[in-house]
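Here's the structure we're looking at; comments come further down.
All chains are named by letter (A, B, ...) in the order of the sequence lines, taking the proteins before the strands, and each is independently numbered beginning at 1.
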There are 2 protein chains.
Amino acid sequence: MATTETDQVDRRGRRREAKQARILAEAWALAHRDGLAAISLRDLADRVDLRQPSLYAYFDSKLGLYDLMFADGNHQLLEWVMSHPLSDDPRIALVEFVQELVRFSSDDVVRHQLLFQRTIPRFEPSPTSFALALEFYELARQRLALAGVSDPGDVDVFSALVNGLAHQQVANDPGGDRWVLLAERAVDMFLADVDRRRQSSSQKGAPQ
Amino acid sequence: MATTETDQVDRRGRRREAKQARILAEAWALAHRDGLAAISLRDLADRVDLRQPSLYAYFDSKLGLYDLMFADGNHQLLEWVMSHPLSDDPRIALVEFVQELVRFSSDDVVRHQLLFQRTIPRFEPSPTSFALALEFYELARQRLALAGVSDPGDVDVFSALVNGLAHQQVANDPGGDRWVLLAERAVDMFLADVDRRRQSSSQKGAPQ
DNA sequence: GTCTATATTCGGATAGAC
DNA sequence: GTCTATCCGAATATAGAC
């Protein structure tokens with residue numbers, strides 16, 4: 001069978017993708033070692049067996065590298081959440097969702113930093129990368145809806161709660177589970193409050 | 001009256017302190033403009049009418065500058081909290097405390113970043129500076145105790161909640177008050193949960 | 001404490017050949 | 001896409017005079 005033109009394209013595309021994956025992996029490794037802001041393109045090139053200028057075939061600038069990492073981190077997040085089974089019990093499902101998120105953050109501090117904290121001076125995700133972040137927010141919205149939560153104020157409180165747990169876990173007990181273990185309690189606290197507010201508001205404005 | 005030696009020392013000490021205060025103020029201004037990690041000692045020297053090497057009379061290294069800023073930020077935090085009246089009603093006092101903290105963070109994103117997020121690669125506060133941070137945590141502990149909260153787990157949940165509100169405020173509505181307005185609701189949610197847990201645990205283990 | 005002068009290193013980015 | 005060669009700018013930090 002003769003080699004067609006599309007075969008060629010596929011093969012080259014694969015090689016390129018593989019190289020890009022390697023670049024990303026080593027970029028994360030460097031970020032762990034030196035800090036996210038201190039990644040050097042020279043070090044990165046060394047680790048992937050390229051000369052430093054050759055990296056520019058994969059991104060336009062250093063901020064472009066951060067954009068690739070941002071997209072990669074969001075892919076990891078989506079995959080992480082979707083790789084876990086979804087319990088039938090809405091309460092348990094929400095508890096496990098929160099636990100997954102806190103673990104995800106504590107598993108990789110710099111990834112948490114890039115995805116959820118704005119710490120790199122002039123970096124803003126490109127529309128394509130940001131779409132992945134939105135995809136996650138939509139997924140989270142659906143998970144909350146399954147537990148009967150859809151009020152915007154409720155969603156804001158929930159997001160603060162999860163973010164706070166993740167942040168405390170990352171900042172004060174990196175690699176541990178001190179705040180992971182509080183996830184169930186936090187969710188119960190939250191759901192009880194949602195119920196409580198629903199009841200008191202239905203008392204006031206029920207007949208209408 | 002003759003000029004004594006201690007007068008001289010005081011005067012020089014004051015001049016030095018004034019200069020240091022100016023350096024700090026301009027360092028914050030630069031952090032706002034360029035990002036915390038991107039402060040340049042050249043720019044800083046320009047702004048305080050010094051040559052760049054002269055800054056080394058005030059700190060040993062760039063990390064030393066961050067340490068000064070860290071201490072300064074914690075001073076601001078303590079002063080901010082203590083400048084507000086403390087309500088007699090423990091619930092209201094706690095609500096206002098949380099509002100103050102969220103406002104403090106949203107008032108200055110980079111200060112929040114330096115104080116509560118570990119974002120500068122090799123920076124760790126010196127013992128002296130860190131003591132100020134501990135002073136704040138002790139103050140927060142006392143405020144919680146006034147509301148009847150002292151269980152370590154409760155404190156952990158509370159810290160996550162406040163940190164989460166502050167972070168969401170800073171990240172998603174900088175300068176606004178979307179999450180500040182949720183402080184009261186969050187505190188009520190939290191206190192209700194503390195009560196609820198206290199009751200259920202006193203049922204189980206009351207006689208002893 | 002502040003200066004001038006300078007060392008030194010390192011960074012990202014470009015030009016142009018292959 | 002990858003290379004060599006190089007540019008240029010920026011950074012922190014030090015030496016030594018005043």
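Taking atom CZ of B:Arg15 as the reference point, atom P of C:dG1 lies 10 Å away to the nearest angstrom. Between A:Lys62 atom NZ and C:dA13 atom P the separation is 8 Å, expressed in whole Å. Per the geometry, OH belonging to A:Tyr66 stands 8 Å off P belonging to C:dG12, to the nearest Å. What separates CD1 of B:Ile39 from C1' of D:dA13 is a distance of 17 Å, to the nearest Å. To the nearest angstrom, C1' of C:dA13 lies 12 Å from CG of A:Asp60.
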Stepwise, does the side chain to side chain donor-acceptor pair (under 3.5 Å) test hold for B:Arg111 with B:Gln76?
CA-CA 10 Å; B:Arg111 186 178 58 187; B:Gln76 291 176 32; 2.5 Å; yes
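A salt bridge links A:Asp43 to A:Arg33: at least one charged side-chain nitrogen sits closer than 4.0 Å to a carboxylate oxygen. Using a 4.0 Å cut-off between a side-chain N of Lys or Arg and a carboxylate O of Asp or Glu, B:Arg91 and B:Glu96 do not qualify as a salt bridge. In this structure, B:Asp151 does not pair ionically with B:Arg198, as no charged nitrogen and carboxylate oxygen lie closer than 4.0 Å. The existence of a salt bridge linking A:Asp188 and B:Arg196 is excluded, since no basic side-chain nitrogen approaches an acidic carboxylate oxygen closer than 4.0 Å.
In the region residues 41-56 of chain A, proximity to DNA chain C at under 4.0 angstrom, judged on heavy atoms, holds for A:Leu41, A:Arg42, A:Gln52, A:Pro53, A:Tyr56. Residues from residues 17-31 of chain B placing a heavy atom under 4.0 Å of any atom in DNA chain D do not occur.
Residue A:Asp49 places its CG atom among more than 12 non-hydrogen atoms of other residues, nucleotides or ligands, all under 6.0 Å distant.
A donor-acceptor pair is defined here as one N or O able to donate and one able to accept, closer than 3.5 Å; no such pair exists between the side chain of A:Lys19 and the backbone of A:Arg14.
Counting any heavy atom pair closer than 4.0 Å across all strands shown, A:Phe59 reaches no nucleic acid atom.
Evaluated for a side chain to side chain donor-acceptor pair (under 3.5 Å) with A:Asp156, the options B:Gln168, B:Arg185, B:Gln169, B:Arg178 yield exactly one hit, B:Arg178.
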